[in-house]
Amino acid sequence: MFKIFVPYSIEKNIGRHYNDCMELVGDEEFGIFVDGDTIFTTTNFGHQIQDIIKQNSDCRAFTGVTNRVNCKWQIAPGVDQDNNDILYHRRFGKLLQQQQQHKLSDHTDEQPMSGFLIALRHDLWWEMGGFLEQGMIGIDNDFHRRVANAGARIYCADGLYLFHWYMGDGGFNRNTDHLT
């Protein structure tokens, strides 16, 4: 049904790594990519993802919600963005999962998504021509546009919450050498 990957590219070509991973995904399966600085906050996240896929057969691309990211619609409503206590985020994620369960919201025509979590069905990956194989930055925004250009929708699983360390130190001494 799906395979989860935590991508990293020493060659600084994350799109190529995404494409290599998608080659390992079956025709009707999803490839799910999560950033290395994220944590699923519920113990049954795999079952939740499975249920999202089963209950939304028209969904071929989705993301989730988080505490910190540059895309406003991916920030979970009511989350304390400055809190780095993982217990707080586990409790928040469990509550959000209970409240939102498998609810999807369509964000195709909004600000391009951030790629802390990308879920993509193999057939749509093929239709969109794969991921851009150029650098590390902007691949997620390009992905959003390619999905829309392929005639598909970008959904947000409103109850699938991941803690994202992104700028967790207040943005001080943020080393981005791995991105450039």
Side-chain angles (χ1 to χ4, degrees), residues 2-9 14-15 17-18 21 30-53 56 59-121 131 136-145 147-148 153-176 178-179:
F2 64 88
K3 291 179 175 53
I4 296 178
F5 304 98
V6 181
Y8 189 89
S9 176
I14 200 71
H17 185 69
Y18 286 167
C21 291
F30 277 76
I32 298 177
F33 302 95
V34 294
D35 281 355
D37 65 343
T38 62
I39 301 169
F40 285 101
T41 59
T42 59
T43 56
N44 62 340
F45 69 88
H47 287 92
Q48 184 181 13
I49 291 169
Q50 179 178 329
D51 289 345
I52 288 167
I53 292 169
N56 299 282
C59 174
R60 300 192 301 157
F62 66 93
T63 186
V65 292
T66 190
N67 56 313
R68 283 186 288 262
V69 74
N70 281 333
C71 181
K72 300 288 187 218
W73 57 262
Q74 287 178 285
I75 296 174
V79 70
D80 180 353
Q81 295 181 43
D82 297 320
N83 188 326
N84 290 325
D85 179 356
I86 194 62
L87 182 57
Y88 164 84
H89 290 283
R90 290 197 44 105
R91 288 177 177 153
F92 185 89
K94 185 176 181 179
L95 180 63
L96 194 62
Q97 183 185 60
Q98 291 169 347
Q99 292 173 344
Q100 300 294 332
Q101 295 184 15
H102 314 111
K103 180 180 174 273
L104 295 180
S105 53
D106 187 339
H107 295 276
T108 308
D109 301 322
E110 296 181 39
Q111 171 189 7
M113 65 179 280
S114 175
F116 75 92
L117 182 142
I118 296 173
L120 175 66
R121 207 165 81 180
F131 287 93
M136 299 286 286
I137 299 172
I139 305 304
D140 46 5
N141 292 178
D142 182 73
F143 161 77
H144 190 115
R145 287 186 283 279
V147 167
R153 311 302 295 169
I154 296 281
Y155 293 100
C156 184
D158 298 323
L160 184 60
Y161 178 76
L162 284 80
F163 169 75
H164 193 194
W165 178 255
Y166 178 76
M167 304 286 252
D169 60 359
F172 299 107
N173 301 316
R174 179 167 158 80
N175 183 337
T176 58
H178 66 289
L179 300 176

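The model shown is predicted, which means the values in this text are computed figures rather than measured ones.
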Between atom [atom1] of [X] and atom [atom2] of [Y], what is the distance when rounded to the nearest 0.5 Å?
{"X": "Ile154", "Y": "Thr108", "atom1": "CD1", "atom2": "OG1", "result": "6.0 Å"}
{"X": "Leu162", "Y": "Thr41", "atom1": "CG", "atom2": "OG1", "result": "6.5 Å"}
{"X": "Ile53", "Y": "Arg60", "atom1": "CD1", "atom2": "CZ", "result": "13.5 Å"}
{"X": "Asn70", "Y": "Met113", "atom1": "CG", "atom2": "CE", "result": "13.0 Å"}
{"X": "Arg68", "Y": "Gln81", "atom1": "CZ", "atom2": "CD", "result": "8.0 Å"}
{"X": "His102", "Y": "Cys59", "atom1": "NE2", "atom2": "SG", "result": "12.5 Å"}

Nearest atoms (heavy-atom pairs only) where [X] meets [Y]:
{"X": "Gln111", "Y": "Lys72", "result": "OE1-N, 3.4 Å"}
{"X": "Phe62", "Y": "Ala157", "result": "CD1-CB, 4.2 Å"}
{"X": "Asp35", "Y": "Gly115", "result": "OD1-O, 3.4 Å"}
{"X": "Phe5", "Y": "Gly31", "result": "CE1-CA, 4.3 Å"}
{"X": "Trp73", "Y": "Cys156", "result": "CZ3-CB, 3.6 Å"}
{"X": "Cys21", "Y": "Phe33", "result": "CB-CE2, 3.6 Å"}

**Request:** Take Ile14 and Tyr18, measure what side chain to side chain contact (heavy atoms under 4.5 Å, CB included) needs, and give me the verdict at the end.
**Result:** CA-CA 6 Å; Ile14 200 71; Tyr18 286 167; 3.8 Å; yes
The side chain to side chain contact (heavy atoms under 4.5 Å, CB included) partner of Tyr161 among Gln48, Lys94, His89, Gln97 is His89
Check your understanding: Any Lys/Arg nitrogen of Asp85 or Arg90 sitting under 4.0 Å from an Asp/Glu carboxylate oxygen of the other?
Key -> no
Test item: Asn56 side-chain N/O and Ile52 main-chain N/O as donor-acceptor pair under 3.5 Å: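 The answer is yes, because a donor-acceptor pair under 3.5 Å joins these two groups.
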Q.
Quick check against the 3.5 Å criterion: does Asn67 have a side-chain atom that pairs as donor or acceptor with the backbone of His164?
A.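 Yes; judged by distance alone, with no hydrogens or angles, the pair exists.
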Looking at side-chain heavy atoms only, is the closest gap between [X] and [Y] below 4.5 Å?
{"X": "Phe45", "Y": "Val34", "answer": "no"}
{"X": "Val69", "Y": "Ile75", "answer": "yes"}
{"X": "Leu160", "Y": "Leu117", "answer": "yes"}
{"X": "Trp165", "Y": "Ile39", "answer": "no"}
{"X": "Ile49", "Y": "Phe30", "answer": "no"}

Exercise. What's the verdict on side chain to side chain contact (heavy atoms under 4.5 Å, CB included) for Thr66 and Thr38, showing C-alpha distance, side-chain angles and the deciding distance?
Worked result: CA-CA 9 Å; Thr66 190; Thr38 62; 5.8 Å; no
> Step by step, would you call Phe92 with Phe163 a ring pair (Phe, Tyr, Trp, His ring centres under 6.0 Å)?
Replying inline: CA-CA 10 Å; Phe92 185 89; Phe163 169 75; over 10 Å; no
Over 12 foreign heavy atoms within 6.0 Å of CZ, Arg145: yes
* Determine, stepwise, if the pair Phe2 / Gln50 fulfils side chain to side chain contact (heavy atoms under 4.5 Å, CB included). => CA-CA 8 Å; Phe2 64 88; Gln50 179 178 329; 4.2 Å; yes
